[in-house]
Each structure stands twice: as C-alpha cells, then as structure tokens.
Amino acid sequence: MHWQATALISLITVLSVAGQIIPYQNIIRCRACNNAVTLDDCSTLTVCDNRTEMCYMEEIITASFTILYRGGCRARQHCNPSTQSIGRRNSLELTSCSECCSLNNDCNHRLCGIRSSLVNVSQCYHCDSSAAGSTQSDVMNPEDCVTLTTCDANEVCQAETHYRPGLSLTFRYGCQNINMCKLLMKRAFEHLQECDGREGTEGCQFQSTCYACCADGGCNYSDCSSLQKRLYQLYKNQLFSLDTLSTRSSG
Ligand SMILES: *[C@@H]1O[C@H](CO)[C@@H](O)[C@H](O)[C@H]1NC(C)=O
Ligand SMILES: *[C@@H]1O[C@H](CO)[C@@H](O)[C@H](O)[C@H]1NC(C)=O
Ligand SMILES: *[C@@H]1O[C@H](CO)[C@@H](O)[C@H](O)[C@H]1NC(C)=O
C-alpha cells in the first residue's frame with residue numbers, strides 16, 4: 001500500500017514538475033532505484049511516458065566490489081541493446097546488467113536479478129511445455145512467464161533459450177539439479193571467456209541453445225544469454241560462486 005500512495009504523490013509531482021501532461025493511456029509506472037542494495041530500497045514508483053520511455057534496471061559493480069541497482073525511466077533509444085555497454089568499466093564502475101521493459105507497470109522490479117527480502121528462495125519461475133506439472137508453457141517473451149514453482153532442496157533455478165530456424169525464440173524456465181547446473185555454468189563461463197572481445201567470430205556466434213542457472217532469490221528472471229553475461233561479470237569480479245551458484249552478499 002505504501003508504495004502505491006508514494007506512487008500517487010510522485011505522479012502528481014512528475015506531472016507538475018514536467019509541466020506536461022502524459023495522457024493516461026501512455027503512462028507507465030517504473031520502480032525507482034537509486035544505488036539500491038535490494039528491491040526493498042526501491043519503494044517508489046515513478047511515472048514515465050510509455051511513448052518515449054521504458055522502465056530500466058541496471059546492476060552496477062562498484063570500485064569496492066559491491067553490487068548496486070539503479071532503475072527508473074529511460075529514453076527508448078537508450079534501451080537499444082547496441083547502445084548499452086555491459087561489462088565495460090566506466091569511471092571505476094562496471095555495468096553487469098542493463099535491461100529495459102515496458103509491457104507492464106512495475107515490470108523492472110524483475111530485471112537484473114535484483115533481490116527482495118520477500119523472495120522465497122526455494123521458488124523459481126516455471127514455464128516449461130515439456131514438464132508435466134507446468135501450468136504455463138514456454139514463452140516468447142521472458143516478461144510473460146509469471147508462474148512460480150517450489151523446487152527441491154538439491155535444485156536451483158534454470159533459464160533456457162531455444163532457437164530453431166524459421167521459428168521464433170522460446171524461453172523456458174524451471175528447476176534443475178544443482179550439480180547439472182554447476183557443469184552448465186562452468187561451461188558457459190569458459191565459452192564467454194574464450195569469446196571475450198571476439199563476439200560474432202568463428203565459434204563465438206549466436207548460440208541456438210542457452211542454459212543458465214542461479215540459486216539466489218530474484219536471480220532467475222531474464223533471457224538466458226543476458227543472465228549468463230550478467231553472472232559472468234559478477235563471477236569475474238569474485239561476486240558469483242560456481243560452487244553455490246549464488247551471488248556473494250556484498251553487505
Ligand atoms: C507500453 O507500450 C507498449 C507498446 O509500445 C505496450 O505493449 C505496453 O502494454 C505499454 N505498457 C503499459 C504499461 O501500458
Ligand atoms: C516457499 O513457498 C512455498 C510455496 O508457497 C512453500 O511451500 C515453502 O514452504 C516456502 N519456503 C520458504 C523457505 O519459505
Ligand atoms: C525468481 O524471481 C522472482 C521475481 O524476482 C521471485 O519472485 C522469485 O522468488 C525468484 N525465485 C528465485 C528462486 O530466485
């Protein structure tokens with residue numbers, strides 16, 4: 001309730017400060033995070049113009065190797081993947097994830113694996129056409145997967161992306177055995193290391209199948225290759241462990 005009230009106040013503020021009215025149907029509300037440690041620090045929703053802006057979330061590795069999040073409204077042209085600079089150090093900071101969304105209000109609270117203290121860590125997204133117990137099938141867009149499932153104690157969350165020529169990309173989410181996941185992530189990081197700086201060349205082209213796993217609350221939502229790249233940046237900075245598949249707490 002609190003953030004809804006705050007959102008209303010920020011709505012009024014934005015409308016009067018900007019001096020221009022966003023038509024109601026073009027309003028999108030985005031979670032605002034300013035150097036937040038967890039989602040709990042991002043208690044306000046800010047109002048953006050969905051015609052020109054999207055919600056974004058960024059994960060930053062600071063010079064002192066802590067993880068911070070920034071989020072809010074961002075111009076649509078700056079959400080283009082080609083204008084983003086993942087993994088590049090800029091004035092001592094490194095951006096390990098930068099993602100945008102605009103499908104729903106508050107959609108950015110699920111981006112870049114930002115953690116919430118309310119997250120039940122034994123739950124993972126579950127959208128898998130091949131699994132008997134899945135109520136939601138594979139999705140065409142990560143934002144469409146909204147069903148959670150409770151995984152077994154020896155499992156962590158897994159994201160998969162499959163590409164078949166002539167068909168669109170499909171995204172699949174669920175639980176996976178942690179030992180299988182350790183192998184998958186070790187292999188994925190070796191590949192990212194080999195291809196660091198030579199993306200698109202022989203052996204480093206677009207992969208038709210991608211697997212990524214992680215064991216943290218809130219870590220399991222994204223498309224697989226963004227998730228792999230994000231976790232690889234954390235791993236290179238000793239902030240993600242291949243033994244636990246968990247992000248080392250910075251606090
Ligand atoms: C924002 O606009 C997109 C189309 O560009 C639309 O699909 C989406 O539903 C809109 N979001 C909201 C919250 O209205
Ligand atoms: C997580 O949620 C599931 C389903 O709601 C519940 O069965 C399980 O006990 C919860 N686990 C924890 C650690 O809260
Ligand atoms: C997956 O992410 C969602 C949204 O952040 C969260 O509600 C859920 O608990 C997460 N599960 C795990 C295991 O990370």
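Here the straight-line distance linking atom CZ of Arg76 with atom OG1 of Thr52 works out to 8.0 Å at 0.5 Å rounding. Rounded to the nearest 0.5 Å, atoms CG (Leu183) and CE (Met180) are 7.0 Å apart. For the atom pair CD of Gln233 and SG of Cys97, the computed distance is 10.5 Å after rounding to the nearest 0.5 Å. Taking CD of Glu160 as the reference point, atom OH of Tyr211 lies at 4.5 Å (rounded to 0.5 Å). Within the model, atoms OG1 of Thr38 and OH of Tyr69 stand 9.0 Å from one another, a figure rounded to the nearest 0.5 Å.
The nearest pair of heavy atoms linking Ser226 to Glu99 is CB-OE2, 3.3 Å. Taking both residues in full, the closest heavy atoms of Val139 and Gln136 are given as CG1-NE2, 3.9 Å, listed atom of the first, atom of the second, then distance. In terms of heavy atoms, Met140 sits closest to Ser168 at CE-OG, 3.1 Å. Minimum interatomic distance between Cys30 and Cys48 (heavy atoms only, all atoms of both residues): SG-SG, 3.2 Å. When all heavy atoms of Cys124 and Gly174 are compared, the closest pair comes out as CB-O, 3.9 Å.
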Open item on the list: Between Cys181 and Cys213, does the disulfide bond (SG atoms under 2.5 Å apart) criterion hold? Intermediate values first, please.
Closed with: CA-CA 6 Å; Cys181 273; Cys213 305; 2.2 Å; yes

TODO: Assess whether side chain to side chain contact (heavy atoms under 4.5 Å, CB included) is satisfied between Leu231 and Met185, documenting all intermediate values.
DONE: CA-CA 9 Å; Leu231 296 174; Met185 290 311 278; 3.7 Å; yes

TODO: Could you give me the CA-CA distance, side-chain angles and deciding distance for Asp144 and Leu103, then say whether side chain to side chain contact (heavy atoms under 4.5 Å, CB included) is met?
DONE: CA-CA 9 Å; Asp144 294 336; Leu103 219 47; 3.6 Å; yes

Task: CA sep, side-chain torsions, deciding dist, call: Cys55, Cys73, disulfide bond (SG atoms under 2.5 Å apart) - done: CA-CA 5 Å; Cys55 301; Cys73 314; over 6 Å; no

TODO: Could you go through the side chain to side chain contact (heavy atoms under 4.5 Å, CB included) check for Phe171 and Asp223 one step at a time?
DONE: CA-CA 7 Å; Phe171 301 94; Asp223 93 84; 3.1 Å; yes

Open item on the list: Applying side chain to side chain contact (heavy atoms under 4.5 Å, CB included) to Met54 and Arg74, what does each step give before you reach the verdict?
Closed with: CA-CA 5 Å; Met54 296 176 85; Arg74 171 171 281 175; 5.7 Å; no

Open item on the list: Evaluate Cys151 against Cys175 for disulfide bond (SG atoms under 2.5 Å apart), listing each step before the verdict.
Closed with: CA-CA 6 Å; Cys151 299; Cys175 309; 2.0 Å; yes

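Note on Asp196 versus Lys236: salt bridge recorded, some NZ/NE/NH1/NH2 to OD/OE distance being below 4.0 Å.
A distance below 2.5 Å between sulfur gamma atoms is met by Cys224 and Cys210. A distance below 2.5 Å between sulfur gamma atoms is not met by Cys214 and Cys157.
Side-chain contact between Leu92 and Thr62 is absent, with no heavy-atom pair separated by less than 4.5 Å. Side-chain atoms of Glu53 and Ile28, non-hydrogen and from C-beta on, never get closer than 4.5 Å to each other. Two residues are said to be in side-chain contact when any heavy atoms from C-beta on lie closer than 4.5 Å; Tyr125 and Arg110 meet this criterion. In this structure, the side chains of Thr161 and Thr170 stay at 4.5 Å or more apart for every pair of heavy atoms.
Note on ring orientation: taking the six-membered ring where Trp is involved, the planes of Phe240 and Phe189 are perpendicular (angle over 60°, cut-offs 30° and 60°).
Among residues at least two apart or in separate chains, salt bridge (Lys or Arg N to Asp or Glu O under 4.0 Å) pairs with a member in residues 183-194 are Lys186-Glu190, Arg187-Glu190.
Put simply, the side chain of Asn237 never gets that close to the backbone of Leu234: no donor and acceptor are under 3.5 Å apart. The backbone N or O of Ala75 sits nowhere less than 3.5 Å from a side-chain atom of His78 that would complete a donor-acceptor pair. Under a 3.5 Å cut-off, the side chain of Asn108 and the backbone N or O of Tyr56 do form a donor-acceptor pair.
The local environment of OH in Tyr235 is sparse, with at most 12 non-hydrogen atoms from other residues, nucleotides or ligands closer than 6.0 Å.
Here the options are Leu68, Ile114, Ile67, the test is side chain to side chain contact (heavy atoms under 4.5 Å, CB included), and the partner is Val37; only Leu68 passes.
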